[in-house]
Protein chains: 2
Amino acid sequence: MQKKLLDGFEKTFQMRGLRITQQRLEIFKALAGSSDHPTAEKIYAQLRSTMPTISLDTVYRNLHTLQNHGLINRVTTGQSQARFEANLTPHHHLICKICQKITDISWQEFDKLAPPQDFNQWGDIKEKQVTLSGICRDCLKDKKSS
Amino acid sequence: MQKKLLDGFEKTFQMRGLRITQQRLEIFKALAGSSDHPTAEKIYAQLRSTMPTISLDTVYRNLHTLQNHGLINRVTTGQSQARFEANLTPHHHLICKICQKITDISWQEFDKLAPPQDFNQWGDIKEKQVTLSGICRDCLKDKKSS
DNA sequence: TATTATATAGGAAAAATTATTATTTACAAG
DNA sequence: CTTGTAAATAATAATTTTTCCTATATAATA
């Protein structure tokens with residue numbers, strides 16, 4: 001490992017007992033520095049410019065590792081391709097049915113709402129999340145012009 | 001086609017201009033008669049007992065056709081494999097993070113809540129849906145016993 | 001620095017979905 | 001009822017998405 005001081009991500013990994021590898025750091029940074037909820041493939045494509053030998057398997061493997069350690073989330077969508085985010089603060093999503101763009105939103109009025117008591121008999125509810133879907137501005141524009 | 005009176009599903013297809021094929025009917029019936037939000041593969045396996053020659057492609061193709069006509073929904077999940085439902089009445093989902101079981105729930109207090117006005121600048125919002133996730137009763141039991 | 005367990009690359013494999021094409025079927029018009 | 005035609009199907013192949021395998025490399029530690 002380099003002599004330089006540990007940055008925030010390295011500390012995060014260290015605290016979890018995760019080995020600090022270049023690939024792992026870059027994958028995590030790529031996610032943390034983006035707001036478009038990228039796919040594994042997209043992160044792979046992005047990192048290849050600076051790490052030409054990284055493999056897609058490594059991207060997938062580490063996305064799962066990070067997810068298992070609660071450092072990133074897989075977004076709940078209606079597509080087959082997985083989408084990820086590093087934004088761990090509770091929030092919600094707007095998803096465009098056409099271009100699949102995902103936008104983070106906050107909705108405090110919803111956050112205050114407690115799920116009905118009887119849901120608890122189902123089991124142990126850990127998260128509550130809203131997904132709003134529709135057609136985004138850009139896609140509405142494209143529709144009109146055709 | 002048989003002489004018997006059209007059943008509800010056949011009428012539904014006819015109204016949409018969809019051809020009434022045996023495969024299409026069976027796929028739709030399988031979905032309408034289940035509450036477990038099956039995968040394409042599961043529907044395929046189920047139908048093969050009565051229609052041994054049906055192909056998986058036909059199942060996928062018709063699931064998309066039905067979805068495009070608004071007769072079924074693809075469920076929004078965090079898995080890669082697609083899950084479908086024929087329950088079109090507005091409702092929400094409880095998803096187990098372990099066994100991936102999906103349970104329909106209703107939450108009227110949420111349904112009454114209108115999304116904040118400023119979400120509208122994003123585009124045209126068509127649906128709002130809550131996904132609650134956690135660990136179901138059965139999986140909690142399994143966890144304890146290990 | 002040497003040791004050891006974990007992570008990686010690269011290729012192959014598996015899982016999930018969609019496309020291609022020849023054949024069959026629904027259904028409407030005669 | 002027969003026939004014509006567009007649409008749907010089965011079978012197979014191809015893609016896409018994700019995971020596995022294994023030899024090598026690397027991070028953490030002693």
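Lettering of chains follows the sequences in order, A, B, ..., and the numbering in each one begins at 1.
- Between A:His37 and A:Phe84, a ring centre-to-centre spacing not shorter than 6.0 Å is recorded.
- Atom-to-atom, CD of A:Gln79 to C1' of C:dA16 comes out at 14 Å; the value is rounded to the nearest Å.
- Counting to the nearest Å, the C1' atom of D:dT17 and the CG atom of A:Leu63 are 13 Å from each other.
- Looking at heavy-atom distances under 4.0 Å, B:Ala82 makes contact with sugar-phosphate atoms alone, never a base.
- B:Gln81 is linked by a side chain to side chain contact (heavy atoms under 4.5 Å, CB included) to B:Thr39, B:Glu41, counting only residues two or more places apart in sequence or in another chain.
- For the pair A:Lys128 and A:Phe110, the distance from NZ or CZ to the six-membered ring centre is under 6.0 Å and the angle to the ring normal is within 45 degrees.
- A close approach under 4.0 Å does not occur between any side-chain nitrogen or oxygen of A:His64 and OP1 or OP2 of D:dT18.
- If you look at A:Tyr60 and A:Tyr44, their ring centroids are not closer than 6.0 Å.
- Here the side chain of A:Thr53 is nearest to one of D:dT9, C:dT8, C:dG10, namely C:dG10.
- What separates CZ of B:Arg83 from P of C:dA16 is a distance of 12 Å, to the nearest Å.
- Salt-bridge formation is not detected for the pair B:Arg83/B:Asp36: no Lys NZ or Arg NE/NH1/NH2 atom is positioned less than 4.0 Å from an Asp or Glu carboxylate oxygen.
- Where B:Leu18 and B:Pro52 meet DNA chain D, the nucleotide closest to each residue was compared, and B:Leu18 sits on the side nearer the 5' end.
- For A:Asp104 and A:His93, the side-chain atoms include at least one donor-acceptor pair closer than 3.5 Å.
- Note on the helix from C:dT1-D:dA30 to C:dG30-D:dC1: terminal axis deviation equals 40°, with five pairs used at each end and the result rounded to 10°.
- At D:dT9, none of the side-chain N or O atoms of B:Thr58 fall inside 4.0 Å of OP1 or OP2 (strictly under the cut-off).
- Between A:Glu127 and B:Lys97, at least one side-chain N (NZ, or NE/NH1/NH2) sits under 4.0 Å from a carboxylate O, which counts as a salt bridge.
- Checked against C:dT17, D:dT18, C:dA9, the side chain of A:Leu56 finds its nearest nucleotide in D:dT18.
- Between A:Lys42 atom NZ and D:dT17 atom C1' the separation is 17 Å, expressed in whole Å.
- One can place CZ of B:Arg16 at 16 Å from P of C:dC27, the figure rounded to the nearest angstrom.
- When rounded to the nearest whole Å, the span between CD of A:Gln22 and C1' of C:dA9 equals 16 Å.
- Here the P atom of nucleotide C:dT25 and the CD1 atom of B:Ile54 are 14 Å apart, to the nearest Å.
- Annotation: of the two residues near DNA chain C, B:Asp57 and B:Arg19, the 5′-most nearest-nucleotide partner is B:Asp57.
- If B:Arg61 and A:Ser80 are placed on DNA chain C by their nearest nucleotide, the residue sitting closer to the 5' end is A:Ser80.
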Worked check of side-chain hydrogen bond (donor to acceptor under 3.5 Å, both in side chains) between B:His91 and B:Gln129: CA-CA 7 Å; B:His91 64 281; B:Gln129 221 237 330; 5.4 Å; no

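- For B:Tyr60, whose side chain is taken as the heavy atoms from C-beta onward, the closest listed nucleotide among C:dA16, C:dA9, D:dA10 is C:dA16.
- Between the CZ atom of B:Arg24 and the P atom of C:dT25 there is a distance of 15 Å, given to the nearest Å.
- For B:Thr21, the side-chain atoms get nearest to D:dA8 when compared with the rest of C:dA7, D:dA8, D:dT18.
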